[in-house]
Protein chains: 2
Amino acid sequence: MNSAANAHEAPDVSSEIGTQKIRDAIRDAIVERRLSPGTKLSENDVGSLFNVSRTLARAALQALSYEGLVSVEKNRGAFVAYPSPEEARQIFAARRLVEPGILRDAAARITPSQIQHLKQLLIEEGRLMSERGQTARRAEIKASGDFHLTLAAISGNAIMQRFMDELVARSSLAIALYGQSTVSSCGHSEHGDIIAAVERNDLEQACHLMVHHIAHIEADLDLRERKSVGLKEAFEL
Amino acid sequence: MNSAANAHEAPDVSSEIGTQKIRDAIRDAIVERRLSPGTKLSENDVGSLFNVSRTLARAALQALSYEGLVSVEKNRGAFVAYPSPEEARQIFAARRLVEPGILRDAAARITPSQIQHLKQLLIEEGRLMSERGQTARRAEIKASGDFHLTLAAISGNAIMQRFMDELVARSSLAIALYGQSTVSSCGHSEHGDIIAAVERNDLEQACHLMVHHIAHIEADLDLRERKSVGLKEAFEL
DNA sequence: TGCGACTATATTGTATACGATTTTTTGCAC
DNA sequence: GTGCAAAAAATCGTATACAATATAGTCGCA
């Protein structure tokens, strides 16, 4: 019923809107969990929300489907992706597979100023954790992902960076669906530990910490198959 | 000048054509090097080639651009991607980063019948190497990539599988551009060595061989920056 | 009241239309 | 012939139109 209308990325009077802008706006909304998994994104609604025709709306949704953030079902429309438990497992398996390597490459090129920047991110992240309120929560979610994304950027491989973009965004979806502890960033301190290890050039330890960090995030998920009951079963206690 | 017209994926009278089919057909043409880097893919030509409107042609080209096989330049059109030397390096760096992990996961789940299947692929690949002619060459190129793709499939992670699809396809482009030895599959035997190591459960060795195999492929490339002369300079010896 | 078939509505799939931008061609002066 | 400017053609960007499909609502009947 409520389409993307409740996602308050205002169309902005500075009419200059393209499919890119739409894609980014919707992706941000998904990553920050203003749009929940399963929400229908009708081409009409998206288009009118951004004051463009269905053509551009459709292109943006198509693009998001390539990133795995939106699933389009033939003749039925586009929905915010609803990753299955198996899919969620694969997302984190992919991250465990890839992030140690990225960390290695990043550590080999990192500069003192970049380390400083990372530490700055951590402080910011910590500050957001202590704050309360929706907006702080959303900012925190994004900041938590930014740590991993920044490492990918430092690694200097644009291909891996794009892949990590996708993985982090999809992780956010999985956490939204299956996360248990109210705060996802239970492992905030772990980010700091990783940087510390990098700083003292202990690569093995840094990678080790990274793998465990990802495992911890996944461990906070309840990935049991929920057969969509929603029927009598849900009430016949 | 010559558009996609010389790529002989016949439109096929079985009119059932969708954007998916178009995308796959063009991708195959690129991977098998029937379409060279830089070739212009105009929406009109693609559309009329498959008997669909520009709408679908455009969607297919857009999709290919997300895979990095086609680059679309605003208001100028779509071209078969022409990876820079730096891009090529990143493609192979990504593969070195990712494939050992995939190999590990695959080895953990591989069944005897799958090993048999891989060996079958190798035999086929070897047969194609001895044959001559364009079609054999193309089939060989595809077979060489199929080895890596099959391993990704065995690993059981759909996300990594899709990523490998992209990497292998883009590798083909890089080799087409910068490859030196006539035959890309200089390292055919290396595939066999990797399987052998997997078979005797020597994972460390298998991963080691995989990294070197990828390095060998890259080593056959001449990745020096070629500033597109094409002008007098090209003749003023 | 409950169920099933039929109609109406909404939404997606694809093609076409038109304005904008780029590229090519033409024409003219030098 | 060469070089530049304007016109023509081709191509892309976006909106709209129409057909196909799915969803929701309605009526009739047991």
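Proteins get letters first, then strands, A, B, ... in listed order; numbering begins at 1 in each. Here the structure is a predicted model, which means the values were calculated and not measured.
The side chain to side chain contact (heavy atoms under 4.5 Å, CB included) test applied to B:Ala63 returns A:Tyr66, B:Arg23, not counting sequence neighbours. Every residue two or more places apart in sequence or in another chain that forms a side-chain hydrogen bond (donor to acceptor under 3.5 Å, both in side chains) with B:Arg224 is listed here: B:Asp222. Contacts of B:Gln134 classified as side-chain hydrogen bond (donor to acceptor under 3.5 Å, both in side chains), with partners at least two apart in sequence or in another chain: B:Arg138. Partners of B:Glu218 under the salt bridge (Lys or Arg N to Asp or Glu O under 4.0 Å) rule, at least two apart in sequence or in another chain, are B:Arg96. Every residue two or more places apart in sequence or in another chain that forms a salt bridge (Lys or Arg N to Asp or Glu O under 4.0 Å) with A:Asp28 is listed here: A:Lys142. A search for side-chain hydrogen bond (donor to acceptor under 3.5 Å, both in side chains) contacts involving B:Asp24 returns B:Arg27, not counting sequence neighbours. Applying the side-chain hydrogen bond (donor to acceptor under 3.5 Å, both in side chains) test to A:Glu124 and every residue at least two apart in sequence or in another chain returns A:Arg127. Listed by chain and number, the residues in a side chain to side chain contact (heavy atoms under 4.5 Å, CB included) with A:Glu43 are A:Arg54, A:Arg58, A:Leu61 (sequence neighbours excluded). Every residue two or more places apart in sequence or in another chain that forms a salt bridge (Lys or Arg N to Asp or Glu O under 4.0 Å) with B:Arg95 is listed here: B:Glu99.
Rounded to whole angstrom, the span from the CD atom of A:Gln20 across to the C1' atom of D:dG13 amounts to 15 Å. Note: CZ (B:Arg54) to C1' (D:dA17) measures 16 Å, nearest angstrom. Remark: P of D:dT16 and CG of A:Leu56 are 11 Å apart, rounded to the nearest angstrom. Taking atom CZ of A:Phe79 as the reference point, atom P of D:dA22 lies 13 Å away to the nearest angstrom.
A:Ser144 contributes no side-chain N or O that, together with a main-chain N or O of A:Glu140, makes up a donor-acceptor pair within less than 3.5 Å. Looking only at distances, no side-chain donor or acceptor of A:Arg170 sits under 3.5 Å from a matching main-chain atom of A:Glu87.
Once you apply a 4.0 Å limit to the heavy atoms of chain B, the touched nucleotides of DNA chain C run 5' to 3' over C:dT14 to C:dT23.
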Where do N or O atoms of nucleotides 23-25 of chain D meet protein N or O atoms at under 3.5 Å, pair by pair?
unit_1	atom_1	unit_2	atom_2	d
D:dT23	OP1	A:Arg76	NH1	2.1

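Using a 4.0 Å cut-off, no side-chain N or O of A:Thr55 falls inside it from OP1 or OP2 of D:dT14.
Sequence order on DNA chain D of the closest nucleotides to B:Asn44 and A:Ser53 puts B:Asn44 first from the 5' end.
Listed by residue number, there are no residues of residues 57-74 of chain A with a heavy-atom contact under 4.0 Å to DNA chain D.
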